[in-house]
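Contents: one structure, followed by commentary.
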There are 2 protein chains.
Amino acid sequence: MKKIFIADDHPIFRKGLIEIISAEPGFEVVGECGDGITALKYIAEKKPDIALLDIQMPKMNGFDVLKKINELNLPTKVVFLTMHSEEDIFEKAMELGAKAYLLKESVTDDIVQCINNVLQGKFYVSGSISNYLFTLNNKLKTGNEKSGLQKLTSTETKILKLIAEKKSSREIADILYISVRTVENHRNNICTKLDLHGANALLPFALENKHLLV
Amino acid sequence: MKKIFIADDHPIFRKGLIEIISAEPGFEVVGECGDGITALKYIAEKKPDIALLDIQMPKMNGFDVLKKINELNLPTKVVFLTMHSEEDIFEKAMELGAKAYLLKESVTDDIVQCINNVLQGKFYVSGSISNYLFTLNNKLKTGNEKSGLQKLTSTETKILKLIAEKKSSREIADILYISVRTVENHRNNICTKLDLHGANALLPFALENKHLLV
DNA sequence: TGCACCCTAAGTATTCCTACTCATAACAAT
DNA sequence: ATTGTTATGAGTAGGAATACTTAGGGTGCA
């Protein structure tokens, strides 16, 4: 009997998941919770075979839970279950060593199949992002380019985060105790690295990607 | 036995909902689907007592389903079940005559209680937006102010939509065959009506609220 | 030591947007 | 017929961001 733990901040969604997994012979849902810290605590203690984690959770997000799991060398395999079909989030999940990446729009069969794959040591990825996987493979084969955000330095990331908080260059300068000109230079470098052009490009990008900024 | 229909594009979430409602004596889930058109078709034919509708759905969103239900004078009472806790969406739902507004983060008890209330002809609103209800009540009592977006004229809305598409004033002018100055005037009026100030205010607002723009 | 990279800063020019005021024509409401 | 609203456009001013270039100081690496 394989032990499965579920963490998601939507009780109804959790209920549905539990229902699906419990119905499958060989699977047992050994626990559930709605936030990252409780999830980590449970996983560290009880060491389930698989943890189904939402990425967006209160207190501690799924990424950070996985990081901790890695640090503590826990045997639990992590399956991300998320609404985000964006490439960067998927990429980050893979970097951190997730065993699977499921979209919440998945049908019930996908989930069972996913868990079976992961238990066999395989990876599993939701069909909807397979398009992206194709391009990713191409990238890996051809030139191994880094994707956007990873090209940014730490200062640039810091500034991009402040931009995502709708701060002006002036405000950012005051917060970081540096010159406005320096901030403008960083903005410029960020735009260049991300291939962003025009006055209406950087701010929307920052807003759309703020959840990716470490 | 009260007949309940469920429409939500997330199969797992639907599963959870069905589980919760079926477990309650007196409730019967008579159907489910994952898009608005199928939902409307079912509701028009079978006339369930209550329809639990997601707002974001493929093919036809929850708002439009409710509009059609109103047009066709169907007896089915609509409960919105959504992730959006924003005031404007809530307001729009109420305008259209929704009987309840539940957030997807609701716990299972809330849902049962909600359905019971609606069956008794009462309204029900998720606790998390009760804060807003308070201010809404105050508004209704004091001056009956319109909220934000409703104050915009149709041209202003059109322009705000284009701003949300990251178009510059120059581009908007070219699209609408009007002068840049006119566009800038409209931007200005929008900012005034929405009480937005500074260079980093209008664009983020447009992005955050584009789903509200008719 | 030298090279590469980063953070810092400033110069210059251009574009974009905000924040006002003013004006005219179209249209609806009373 | 007057008033109000809307859409259109322009004038002026200034703030903000982009798009370049140049340059000193620091760190780390080969």
Side-chain angles (χ1 to χ4, degrees), chain A residues 143-210 213-214, chain B residues 143-210 213-214:
Chain A
N144 199 358
E145 304 160 24
K146 281 192 181 175
S147 96
L149 289 173
Q150 299 178 334
K151 286 189 282 196
L152 301 183
T153 66
S154 66
T155 310
E156 285 162 355
T157 307
K158 205 187 307 169
I159 286 179
L160 188 55
K161 236 188 298 183
L162 289 167
I163 294 173
E165 291 171 20
K166 297 170 199 166
K167 302 271 191 269
S168 68
S169 294
R170 175 76 258 161
E171 290 171 315
I172 295 174
D174 290 342
I175 292 172
L176 299 179
Y177 300 109
I178 55 179
S179 158
V180 195
R181 308 308 312 280
T182 306
V183 177
E184 287 178 345
N185 280 327
H186 285 305
R187 291 183 86 116
N188 232 302
N189 294 332
I190 295 170
C191 286
T192 306
K193 288 185 181 177
L194 300 177
D195 197 31
L196 296 172
H197 303 277
N200 296 328
L202 184 53
L203 179 54
F205 178 89
L207 291 171
E208 284 165 17
N209 293 282
K210 64 176 158 192
L213 301 173
V214 191
Chain B
N144 200 359
E145 302 162 25
K146 283 192 183 175
S147 98
L149 289 172
Q150 300 179 335
K151 285 188 284 196
L152 301 183
T153 67
S154 66
T155 309
E156 285 161 356
T157 306
K158 205 187 310 169
I159 286 180
L160 189 54
K161 238 189 295 186
L162 289 167
I163 294 173
E165 292 172 20
K166 297 167 198 169
K167 303 269 191 269
S168 68
S169 295
R170 174 78 258 161
E171 291 172 312
I172 296 174
D174 290 341
I175 292 171
L176 300 180
Y177 302 107
I178 55 178
S179 156
V180 194
R181 309 308 312 280
T182 305
V183 177
E184 287 177 345
N185 280 328
H186 285 305
R187 291 184 85 117
N188 232 302
N189 293 333
I190 295 170
C191 285
T192 306
K193 287 184 181 177
L194 300 177
D195 197 30
L196 296 171
H197 303 278
N200 298 328
L202 183 53
L203 178 54
F205 178 90
L207 291 171
E208 285 164 17
N209 294 283
K210 65 174 156 193
L213 301 173
V214 193

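In what follows, chains carry the letters A, B, and so on, assigned in the order in which the sequence lines appear, proteins first and then strands, with residues in each chain numbered from 1.
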With side-chain contact (heavy atoms from CB on, under 4.5 Å) as the test, would you mind laying out the steps for B/Leu152 and B/Ile159 before giving the verdict?
CA-CA 10 Å; B/Leu152 301 183; B/Ile159 286 180; over 6 Å; no

Which is true for [X] with a 4.0 Å heavy-atom rule: it touches a base, it touches only sugar-phosphate, or it touches nothing?
| X | value |
| --- | --- |
| B/Ser169 | sugar-phosphate |
| A/Leu196 | sugar-phosphate |
| B/Ser154 | sugar-phosphate |
| A/Leu202 | sugar-phosphate |

How close or far is atom [atom2] of [N] from atom [atom1] of [X], stated in whole angstroms?
| X | N | atom1 | atom2 | value |
| --- | --- | --- | --- | --- |
| B/Asn200 | D/dT18 | CG | C1' | 13 Å |
| A/Arg170 | C/dC17 | CZ | C1' | 19 Å |
| A/Phe205 | D/dT18 | CZ | C1' | 17 Å |
| B/Leu152 | D/dA7 | CG | P | 10 Å |
| A/His186 | D/dA17 | NE2 | P | 15 Å |
| A/Ile172 | D/dA16 | CD1 | C1' | 12 Å |
| B/Asn185 | D/dT8 | CG | P | 10 Å |
| B/Asn188 | D/dG11 | CG | P | 17 Å |

Picking from [options], which would you name as closest to the side chain of [X]?
| X | options | value |
| --- | --- | --- |
| A/Thr182 | C/dA9, D/dT18, D/dG9 | C/dA9 |
| B/His197 | C/dA19, D/dT18, C/dA9 | C/dA19 |
| A/Arg187 | D/dA17, D/dT6, C/dT18 | D/dA17 |

Check the pair A/Leu176 / A/Leu162 against side-chain contact (heavy atoms from CB on, under 4.5 Å), numbers first and verdict last.
CA-CA 10 Å; A/Leu176 299 179; A/Leu162 289 167; 4.2 Å; yes

Does [X] make a side-chain N or O approach to OP1 or OP2 of [N] shorter than 4.0 Å?
| X | N | answer |
| --- | --- | --- |
| B/Thr153 | D/dT5 | no |
| A/Ser179 | C/dA10 | yes |
| A/Thr155 | C/dC7 | yes |

If you measure from CG on B/Leu160 to CD on B/Glu165, what distance do you get to the nearest 0.5 Å?
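Between B/Leu160 CG and B/Glu165 CD, I get 10.5 Å after rounding to 0.5 Å.
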
Inter-residue atom distance A/Ile172.CD1 - A/His186.NE2, 0.5 Å rounding
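Answer rounded to 0.5 Å: 10.5 Å.
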
Of A/Leu176 and B/Glu184, the one whose closest DNA chain C nucleotide lies more 5'
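Of the two residues, A/Leu176 wins.
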
Please confirm whether any donor atom in the side chain of A/Arg181 sits under 3.5 Å from an acceptor in the base of D/dT22, or the reverse.
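For A/Arg181, whose side chain was compared with the base of D/dT22, there is no donor-acceptor pair (under 3.5 Å).
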
Which residue lies toward the 5' end of DNA chain D, B/Ala199 or B/Asn189, if each is placed at its nearest nucleotide?
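Checking each residue's closest nucleotide, the 5'-ward one belongs to B/Asn189.
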
Residues A/Glu184, A/Arg187; criterion salt bridge (Lys or Arg N to Asp or Glu O under 4.0 Å); working and verdict
CA-CA 5 Å; A/Glu184 287 178 345; A/Arg187 291 183 86 116; over 6 Å; no

In the structure I gave you, are the side-chain heavy atoms of A/Thr153 and A/Lys193 within less than 4.5 Å of one another anywhere?
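Answer yes - side chains close enough.
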
